[in-house]
Undergrad: 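The structure that follows is given in the form of structure tokens.
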2 protein chains.
Amino acid sequence: MKRCKHNNLKVTPQRIAIYKKLIELKNHPSADAMFQTVRRDFPNISFDTVNRTLLTFSEIGIVDVIEGHGRQRRFDPDISCHHHFHCVKCKEIIDFYSAEYDNLEIPENIKKKFTVLSKRVVLNGICDKCTE
Amino acid sequence: MKRCKHNNLKVTPQRIAIYKKLIELKNHPSADAMFQTVRRDFPNISFDTVNRTLLTFSEIGIVDVIEGHGRQRRFDPDISCHHHFHCVKCKEIIDFYSAEYDNLEIPENIKKKFTVLSKRVVLNGICDKCTE
DNA sequence: TGACAAACAAGAGTTGCTCCTATCTAATAG
DNA sequence: CTATTAGATAGGAGCAACTCTTGTTTGTCA
């Protein structure tokens with residue numbers, strides 16, 4: 001919440017409610033999933049507020065917007081360095097951790113030209129559930 | 001085109017036109033961008049045909065559907081192993097190559113549980129044009 | 001406590017696919 | 001070479017997931 005003040009954002013009950021739900025969740029909710037969840041405690045919040053708040057949070061760096069192949073945008077409350085496995089069948093995104101991947105160097109020619117903010121290894125494949 | 005036959009798909013003029021444009025392109029077109037391009041040579045092709053064909057191509061492995069943060073799905077005609085830099089401002093996706101990244105090992109616990117089909121390192125940051 | 005900028009709810013609008021139906025065509029059989 | 005038929009196409013309707021607009025409410029600072 002300090003983060004909000006630092007960015008000239010007001011601390012509203014809606015934002016607090018969304019933030020609390022976000023840190024509770026261990027998966028990668030869509031805007032709609034967050035809306036459904038927050039709505040239980042806050043019955044007349046609008047979808048737009050939830051969605052806008054999530055985008056605002058991503059701008060000040062308290063959530064990540066994650067890469068996806070599907071149609072819905074997904075948010076990631078875990079902003080520590082981690083990596084993703086995408087199942088091409090069920091579209092699920094599974095987090096995993098790897099020291100080797102965390103320590104990857106950014107290639108020189110990239111570092112010279114661009115400002116790199118984050119890195120992530122994305123594996124595509126078929127998850128255990130879809131293999132049967 | 002052999003690939004089409006192997007997968008019991010018919011070789012139609014539309015598919016040939018889409019395929020030709022695809023291998024010409026060096027960027028990461030959206031379905032709509034492809035539609036606009038193909039339409040110039042093939043004025044009465046429908047958007048649906050282009051989109052369906054791109055999805056079909058991705059299923060038989062002649063294009064990749066790539067991770068993206070925006071609302072549009074992007075296709076990648078370069079299916080050799082390479083990596084992506086995403087500019088968080090202009091949303092451009094820039095390809096880069098790195099032998100170090102190509103040789104990354106898949107962690108044991110992932111290999112045991114899931115079938116990995118491809119791997120890619122995704123860097124997020126700000127590109128040279130957006131830095132000014 | 002009053003003024004003002006920021007945030008909110010509700011609903012309309014937009015984008016980017018995805019599905020449906022009637023028509024057409026490429027490939028196989030005769 | 002023609003008939004058959006499974007698969008493909010065009011065009012348009014339908015739908016999901018945002019995104020914008022408008023009028024109202026709420027924090028914050030003077």
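Chain A is the first sequence line, chain B the second, and so forth, proteins listed ahead of strands; every chain is numbered from 1. Bear in mind the structure is a predicted one, so any value in this text is a computation, not a measurement.
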Undergrad: Among dT19(D), dG11(D), dT18(C), find the nucleotide with the atom closest to the side chain of Leu55(B).
TA: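 It is dT18(C).
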
Undergrad: Which atom pair, heavy atoms only, marks the closest approach of Val38(A) to Ile45(A)?
TA: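 In this case the closest contact between Val38(A) and Ile45(A) is CG1-CD1, 4.0 Å.
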
Undergrad: Determine, step by step, whether Asp76(B) and His82(B) satisfy the side-chain hydrogen bond (donor to acceptor under 3.5 Å, both in side chains) criterion, reporting the C-alpha distance in whole Å, the side-chain angles of both residues, the deciding distance to 0.1 Å, and the verdict.
TA: CA-CA 11 Å; Asp76(B) 192 342; His82(B) 66 285; 2.9 Å; yes

Undergrad: In this structure, how many angstroms lie between the P atom of dA16(D) and the NZ atom of Lys91(A), rounded?
TA: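 Computing the Lys91(A):NZ to dA16(D):P distance gives 18 Å.
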
Undergrad: Measure from CG on Asn44(B) to C1' on dT23(C) and round the result to the nearest Å.
TA: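 Those two atoms, CG and C1', are 13 Å apart.
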
Undergrad: Each nucleotide N or O in nucleotides 3-5 of chain D that has a protein N or O under 3.5 Å away: list the pair and distance.
TA:
none

Undergrad: Evaluate side-chain contact (heavy atoms from CB on, under 4.5 Å) for His28(B) paired with Ile66(B), printing each intermediate quantity in order.
TA: CA-CA 8 Å; His28(B) 306 95; Ile66(B) 57 178; 3.6 Å; yes

Undergrad: Does a side-chain N or O from Ser46(B) land closer than 4.0 Å to OP1 or OP2 of dA10(D), or not?
TA: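 Yes, such a contact exists.
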
Undergrad: Using OP1 and OP2 only, check whether a side-chain N or O of Arg73(A) sits under 4.0 Å from dT19(D).
TA: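 Answer is yes, contact under 4.0 Å.
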
Undergrad: Closest to the Asn51(B) side chain: dC17(C), dC18(D), dT21(D)?
TA: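 Of dC17(C), dC18(D), dT21(D), dC17(C) is nearest to the side chain of Asn51(B).
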
Undergrad: Take the protein atom CZ of Arg39(B) and the nucleotide atom C1' of dT9(D), then report the distance between them rounded to whole Å.
TA: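 So the CZ-C1' distance, Arg39(B) to dT9(D), works out to 15 Å.
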
Undergrad: If I take atom CD1 in residue Ile45(B) and atom P in nucleotide dG12(D), what distance separates them, rounded to the nearest angstrom?
TA: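 So the two atoms are 16 Å apart, to the nearest Å.
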
Undergrad: How many Å lie between CZ on Arg74(A) and P on dA16(D), as a whole number?
TA: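 Roughly 16 Å, once rounded to whole Å.
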
Undergrad: Measure up the His84(A) and His86(A) rings against each other and bin them: parallel (under 30°), tilted (30 to 60°), perpendicular (over 60°).
TA: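 Rings of His84(A) and His86(A): tilted, as their planes differ by 30° to 60°.
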
Undergrad: Looking only at the side chain of Thr12(B) (C-beta and beyond, no hydrogens), which of the listed nucleotides dA17(D), dA8(D), dC8(C) gets closest?
TA: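 Shortest atom-to-atom distance from the side chain points to dA8(D).
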
Undergrad: Would you indicate, yes or no, if dT19(D) has its OP1 or OP2 atom less than 4.0 angstrom from a side-chain nitrogen or oxygen of Arg52(A)?
TA: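 No, no such contact exists.
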
Undergrad: With a 4.5 Å heavy-atom cut-off, do Thr131(B) and Lys89(B) have their side chains touching?
TA: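 A side-chain contact is absent here, since even the closest heavy-atom pair is not under 4.5 Å.
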
Undergrad: How about Phe85(A) and Phe96(A): are their ring centroids closer than 6.0 Å?
TA: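 Ring centres of Phe96(A) and Phe85(A) not closer than 6.0 Å.
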
Undergrad: Taking CZ from Phe47(B) and C1' from dC19(C), how many angstroms apart are they, rounded to a whole number?
TA: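 Rounding to the nearest Å, CZ of Phe47(B) and C1' of dC19(C) are 13 Å apart.
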
Undergrad: As a test of reading the structure: which of dT19(D), dA26(C), dC8(C) is closest to the side chain of Arg15(A), going by heavy atoms?
TA: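 Of the candidates, dC8(C) comes closest.
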
Undergrad: Using the 3.5 Å cut-off, write out each protein N or O paired with an N or O of nucleotides 2-4 of chain C and the distance between them.
TA:
none

Undergrad: Specify the residue among Asp48(B) and Arg71(B) whose closest nucleotide of DNA chain C lies further upstream toward the 5′ end.
TA: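 Checking each residue's closest nucleotide, the 5'-ward one belongs to Arg71(B).
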
Undergrad: Please report, rounded to the nearest Å, how far the P atom of dT25(C) is from the CD atom of Gln14(B).
TA: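 Distance check: Gln14(B) CD to dT25(C) P gives 9 Å.
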
Undergrad: Does the side chain of Asp128(B) come within less than 4.5 Å of Phe114(A)'s, by heavy atoms?
TA: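 Side chain of Phe114(A) against side chain of Asp128(B), heavy atoms only: contact under 4.5 Å found.
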
Undergrad: Any heavy-atom pair between the side chains of Leu104(B) and Glu100(A) that's under 4.5 Å?
TA: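 With C-beta onward as the side chain, the pair touches.
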
Undergrad: Tell me what Pro13(B) touches on the nucleic acid: a base, only sugar-phosphate, or nothing, going by heavy atoms under 4.0 Å.
TA: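 Counting heavy atoms under 4.0 Å across all strands, the contact made by Pro13(B) is with sugar-phosphate only.
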
Undergrad: Rounded to whole angstrom units, what separation is found between the CD atom of Gln72(B) and the C1' atom of dT14(C)?
TA: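 Rounding to the nearest Å, CD of Gln72(B) and C1' of dT14(C) are 13 Å apart.
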
Undergrad: Indicate yes or no: at least one non-hydrogen side-chain atom of Asp41(A) is less than 4.5 angstrom from one of Lys21(A).
TA: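 Result yes, sub-4.5 Å side-chain heavy-atom pair found.
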
Undergrad: Determine whether Arg120(B) and Glu67(B) make a side-chain contact, defined as any pair of heavy atoms from C-beta on separated by less than 4.5 Å.
TA: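 Answer yes - side chains close enough.
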
